[in-house]
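Keep in mind that what you see is a predicted model, and the values were worked out from it rather than measured.
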Amino acid sequence: MTKRENGNVLKAAVWYTVSNFISKSIIYLCTPLYTRLLTTAEYGQYSNFISWQSILVALLTFDLSSSVGIAYIDYRDKDTFDEFISTISICSVIIPLSFCLIILSFHSYFSEFFDLGRNHLFILIFFLCFCNILDIFQAEQRSKIKYRVSSILTLGVSCGGVILTLALIFVMEDKLLAVLLGNILFSAVVNLGIFGSILRRKTVFRWNCLQYALTIAIPLIPHILAGSILGSSDKVMITKLCGNKETALYSLVYTMAMMVTMLTSSVNKAWVPWFFARLSDGNTDLIKAAVRKLFPFVSIAAFFICLIAPEAVFLIGGEKYAESVQLMPPLILHCVYNFVCTLYVNIEFYNKKTIGISVATVISSIVNLLLNYIFIERFGYRAAAYTTLFSSVLSLCFHLYKVKEQGMIHVFDNRYNITALLATTVLCFLLLPTYELSVVRYVIMLIFIVIGSRIFYKNNILGIMRQFLKG
């Protein structure tokens, strides 16, 4: 890979990561707005709608976009890859549309089953028919190391949805319907526009392309569903075993930690096309060198968030959430372990061995549920943070085993990864006592800022960012 190509890859990674992170952050920042505009009952219905939306998207679209990255490696010819994109785009509309017609035929039953009003059910069905097209297009753009259009669309959909939602809220009497329509309509229109542009470029349906995509995507459905359960079971069980107050304390820190997951997820999506290309070339030395540069930034970010945890919790939640600061290290470390886990999961994607990914997530979810049941009742809501961390450690061990079984454990410098991970774990947990010793923590913070500033200045980070922005 030439120096110019390396620059394009890095530039694409930065732009995609920043735009995706800002986009997801906008959605999170809207939550306090919705809780104030909607009644408690309406917000409960909105949460129920979002829960079913995430479940049905996984079930009815088959997550075909997950196959695009590896398909770009296998379908090297441009026309063949365009045929693949056309095929899975058509199927991403036809497959959910077929299921949605069944739901519409028995809408009264499904409305009661999903606990959704008829209008809300129709909105959900309309969204499901087109929701996966944008994901496919963005996966295609990432594979081709093109970032401008993808970044603009990512930010545009989030900002456009929020603006439309606010406009509808002030116009419509039914505030819940306004929120649902605003979030869904703008996204659906953008997806329809992208679908039209894909079909104009090439309208082809190939059974072999569909079979290829389904072979990769279908085994991931249990992984996606189990992941949803893993992300929500803690809060459900805390509510039942401890109460609503404890759920609120846990949820605040968990939501803050998920911001880290959004960041690492964005980095991973930008990293995958380059990673697959280096695997295809057999250049594992470049991969090891890249991880050695990437891992410290993740570790430093995790440590810094844990360091400023009391201030962050006070800023977001206020004094009444102060005691939840103790949950920050285990939940942030959960995100770091998931990031490392994803590095190995990418190899399983490359080898098209996605069944193991689902098995690992299902096992982790079951273990998490059992541990929550045992320890939350005994030690209180804080135990959920540690059971979540343990589940991510278990998942990492499973994926290490699977990659070794596939004969590709040599791709990474595993000793470095594990050592760095353990060091990050120890450093973050060592900060727990300093939450009661503000002077000590401020000294550590000052040292961290001084060292960080020197590194920032020495590596001319501002100059590098200017070069990115010029591109």
Evaluate salt bridge (Lys or Arg N to Asp or Glu O under 4.0 Å) for K404 paired with E348, printing each intermediate quantity in order.
-> CA-CA 11 Å; K404 184 178 181 180; E348 295 173 65; over 6 Å; no
Donor-acceptor pair, T419 side chain versus Y416 backbone, under 3.5 Å?
-> no
Verify the ring-centre separation between F195 and F130: is it less than 6.0 angstrom?
-> no
Roughly how far, to the nearest 0.5 Å, is the OH atom of Y337 from the OG1 atom of T342?
-> 14.5 Å
Output for pair (E405 CD, N351 CG), nearest 0.5 Å, gives 11.0 Å
Are V68 and F81 side-chain neighbours, meaning at least one heavy-atom pair lies under 4.5 Å?
-> yes
Kindly determine whether E83 and R201 satisfy salt bridge (Lys or Arg N to Asp or Glu O under 4.0 Å), including the steps that lead there.
-> CA-CA 10 Å; E83 290 176 357; R201 185 175 62 193; over 6 Å; no
Minimum side-chain heavy-atom gap F303-L431 below 4.5 Å = yes
Give a yes or no on this: more than 12 heavy atoms of other residues, nucleotides or ligands lie within 6.0 Å of atom CD1 of I409.
-> yes
Minimum side-chain heavy-atom gap I357-H399 below 4.5 Å | yes
Is a side-chain N or O of T434 found less than 3.5 angstrom from the main chain of L430, in a donor-acceptor match?
-> no
Taking atom types as modelled, find out whether N338 and S392 have a side-chain donor-acceptor pair closer than 3.5 angstrom.
-> no
Check the pair F398, V359 against side chain to side chain contact (heavy atoms under 4.5 Å, CB included), reporting the backbone distance first and the verdict last.
-> CA-CA 9 Å; F398 184 90; V359 171; 3.7 Å; yes
On a heavy-atom basis, the closest approach of Y435 and P329 is OH-CG, 3.7 Å
Answer with yes or no after comparing the ring centroid distance for Y386 and F375 against a 6.0 Å cut-off, counting only values under it.
-> no
Exercise: identify the closest heavy-atom pair between N191 and L134 | OD1-N, 2.7 Å
What are the two closest non-hydrogen atoms of L153 and I194, and how far apart are they?
-> CD1-CD1, 3.9 Å
Report, as yes or no, whether the 6.0 Å neighbourhood of atom CZ on F205 holds more than 12 heavy atoms from other residues, nucleotides or ligands.
-> yes
What pair of heavy atoms forms the shortest contact from F295 to L421, and how long is it?
-> CZ-N, 3.9 Å
T388 OG1 to N372 CG distance, which is reported to the nearest 0.5 Å = 6.0 Å
Do the ring centers of F276 and F349 come within less than 6.0 Å of each other?
-> no
For K353, look at atom NZ and say whether over 12 heavy atoms of other residues, nucleotides or ligands are found less than 6.0 Å away.
-> no
Is F429 close to L333 at the side-chain level, that is, under 4.5 Å between some pair of heavy atoms?
-> yes
How about E140 and D82: do any of their side-chain heavy atoms sit closer than 4.5 Å?
-> yes
Value for CE (M328) from CD1 (I308), rounded to nearest 0.5 Å, stands at 8.0 Å
Can you establish whether the number of heavy atoms outside Y75 located under 6.0 Å from its atom OH is more than 12?
-> yes
Tell me yes or no: between the side chains of S391 and S364, is some donor less than 3.5 Å from an acceptor?
-> no
For the ring pair F412 and F275, is the centre-to-centre distance below 6.0 Å?
-> yes
Would you say the side chains of Y344 and N414 form a donor-acceptor pair under 3.5 Å?
-> yes
Could you state the interatomic distance from CG (L279) to CG (L286), rounded to the nearest 0.5 Å?
-> 11.5 Å
Can you find a pair of side-chain heavy atoms, one from L394 and one from I363, that are under 4.5 Å apart?
-> yes
For K352, which residues count as a salt bridge (charged side-chain N to carboxylate O under 4.0 Å, His left out) partner, sequence neighbours excluded?
-> D74
Are the side chains of P330 and R382 in touch, meaning some heavy atoms are under 4.5 Å apart?
-> no
Working for side chain to side chain contact (heavy atoms under 4.5 Å, CB included), residues L199 and S89 = CA-CA 9 Å; L199 295 185; S89 297; 5.7 Å; no
Could you tell me which non-hydrogen atom of L327 sits nearest to which non-hydrogen atom of A385, and how far apart they are?
-> CD2-CB, 3.9 Å
Under 3.5 Å: donor-acceptor pair, side chain of S158, backbone of L155 = no
Would a distance-only check, ignoring hydrogens and angles, find a side-chain to backbone donor-acceptor pair under 3.5 Å from S86 to V204?
-> yes
Tell me yes or no: between the side chains of N417 and D413, is some donor less than 3.5 Å from an acceptor?
-> no
With rounding to the nearest 0.5 Å, note down the distance linking CG in D135 to CG in L64.
-> 10.5 Å
Please step through side chain to side chain contact (heavy atoms under 4.5 Å, CB included) for the pair I125 and I103, ending with a clear verdict.
-> CA-CA 8 Å; I125 289 172; I103 294 174; 3.6 Å; yes
Flag the pair I300 / F448 as yes when at least one side-chain heavy-atom distance between them is below 4.5 Å, and no otherwise.
-> yes
Scanning both residues in full, the closest heavy-atom pair of S67 with I70 reads O-CG2, 3.5 Å
Tell me, with the steps shown, if S98 and I94 meet side chain to side chain contact (heavy atoms under 4.5 Å, CB included).
-> CA-CA 6 Å; S98 302; I94 292 176; 4.1 Å; yes
